[in-house]
Protein chains: 2
Amino acid sequence: MIMPARPLIDPQGATPVYRQVADVLRRRIASGELPPNRPVPSETQLEAEFEIARGTARKAIAVLREDGLVVTIPGRGTFVNPVD
Amino acid sequence: MIMPARPLIDPQGATPVYRQVADVLRRRIASGELPPNRPVPSETQLEAEFEIARGTARKAIAVLREDGLVVTIPGRGTFVNPVD
DNA sequence: CTATATTTGTGCGTATGTATG
DNA sequence: ACATACATACGCACAAATATA
């Protein structure tokens with residue numbers, strides 16, 4: 001039996017896992033679940049929640065950063081952008 | 001001369017270094033060498049003792065924390081759980 | 001109150017090895 | 001060959017919490 005340990009992610013899907021994770025976070029930002037100036041889950045937390053490798057978590061965050069949705073502050077974390 | 005700088009750890013072994021370190025600490029807890037409410041060696045100390053990277057030390061501690069053997073307090077340290 | 005040291009938290013960058021599509 | 005992903009491990013820097021001088 002294959003356990004669907006990752007409800008929101010489809011590892012077999014056409015879109016890469018890191019994009020799927022980025023999309024989930026994007027939705028949380030859009031919905032207000034992750035409000036401006038609040039930290040996005042850390043790489044470690046993303047690892048645990050989505051059961052992904054650290055590199056994949058970082059890649060997901062990088063997507064949001066490139067889209068200007070979040071800003072990363074070294075040593076502190078990644079935060080939802082107040083602008084927009 | 002090859003220095004056996006890591007007596008208790010085998011970097012080439014089948015089990016990951018962070019698990020081996022966790023096992024060493026687990027034994028120290030079980031034996032009473034690390035009694036309840038006493039601090040486990042800090043990440044820096046584990047780095048020095050086992051000659052590992054800090055990330056590896058953190059992962060070893062994380063294993064013990066997931067097993068409920070220790071509790072970590074930011075800014076203070078990680079302590080052997082009194083329960084059990 | 002300030003300053004310093006210690007410890008944990010977080011992130012960045014890199015590297016190696018394995019596996020899959 | 002290449003991209004994706006996982007797992008492991010190294011090293012470095014900055015931030016925050018705590019404790020102490």
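All values below were derived from every heavy atom in this structure, side-chain atoms included, with hydrogens, water molecules and symmetry-related copies excluded. Chain naming here is simple, since letters A, B, ... match the order of the sequence lines and numbering starts at 1 in each. Quick caveat, the model's predicted, so the values are computed rather than measured.
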Would you indicate which nucleotide in dT10(C), dT8(D), dC12(C) comes nearest to any side-chain atom of Pro16(B)? dT8(D)
Between dC12(C), dC6(D), dA9(D), which one does the side chain of Glu43(A) approach most closely? dC12(C)
Ala57(B) backbone acceptor or donor facing Glu47(B) side chain under 3.5 Å: no
Does dA1(D) have a Watson-Crick or wobble partner in any strand here, with both distances under 3.5 angstrom, and which is it? none
Heavy-atom neighbours of Arg65(B) CZ exceed 12 at 6.0 Å: yes
Interatomic distance where CZ belongs to Arg19(A) and P belongs to dA3(D) [whole Å]: 14 Å
OP1 or OP2 of dT4(D) versus the side-chain N and O atoms of Tyr18(A): is any pair under 4.0 Å? yes
So CG of Asp67(A) and CG of Leu25(A): to nearest 0.5 Å the spacing works out to 12.0 Å
Neighbour count >12 (heavy atoms, 6.0 Å) for atom CZ, Arg19(A): no
Under-4.0 Å side-chain N/O to phosphate OP1/OP2 contact, Lys59(B) with dA9(D): no
Checking contacts here: which listed nucleotide (dA9(D), dG11(C), dT4(D)) is nearest the side-chain heavy atoms of Thr78(A)? dG11(C)
So which heavy atom on Gln20(B) is nearest to which on Thr15(B), and how close? NE2-O, 2.8 Å
Quick one: closest heavy-atom pair of Asn37(B) and Phe79(B), and the distance? O-CD2, 3.7 Å
How many whole angstroms separate atom CD of Gln20(B) from atom C1' of dT8(D)? 12 Å
About how many Å separate CD of Glu51(B) and OG1 of Thr56(B), when rounded to the nearest 0.5 Å? 12.5 Å
Under 4.0 Å, counting only non-hydrogen atoms across every strand here, what does Gly55(B) touch: a base, just sugar-phosphate, or nothing? nothing
Give one of base, sugar-phosphate or nothing for Thr72(B), where a contact means two heavy atoms less than 4.0 Å apart. sugar-phosphate
Between dC10(D) and Thr56(B), is there an OP1 or OP2 to side-chain N/O distance shorter than 4.0 Å? yes
Sugar-phosphate or base contact per nucleotide [nucleotides 16-21 of chain D; S, B, -; heavy atom under 4.0 Å]: SBSS--
Between Phe79(A) (CZ) and dG9(C) (P), how many Å, whole number? 16 Å
Can you tell me how far C1' of dT8(C) sits from CD of Gln45(B), to the nearest Å? 13 Å
Taken to the nearest whole Å, CD1/Ile61(A) to C1'/dG11(C) is 10 Å
What closest approach, in Å, do Leu34(B) and Pro39(B) show between heavy atoms, and which atom pair accounts for it? CD2-O, 4.0 Å
Listed nucleotide nearest any side-chain atom of Ala53(B), set dC10(D), dG11(C), dC12(C): dC10(D)
Rounded distance (Å) that lies between atom P of dT8(C) and atom CZ of Arg54(B): 8 Å
Under 4.0 angstrom, heavy atoms only, what part of the nucleic acid is Arg65(A) near: base, sugar-phosphate, or nothing? sugar-phosphate
Could you check how far CZ of Phe50(B) sits from P of dA9(D), rounded to whole Å? 14 Å
Rounded to whole Å, the CD-C1' distance (Glu47(B) to dC10(D)) equals 10 Å
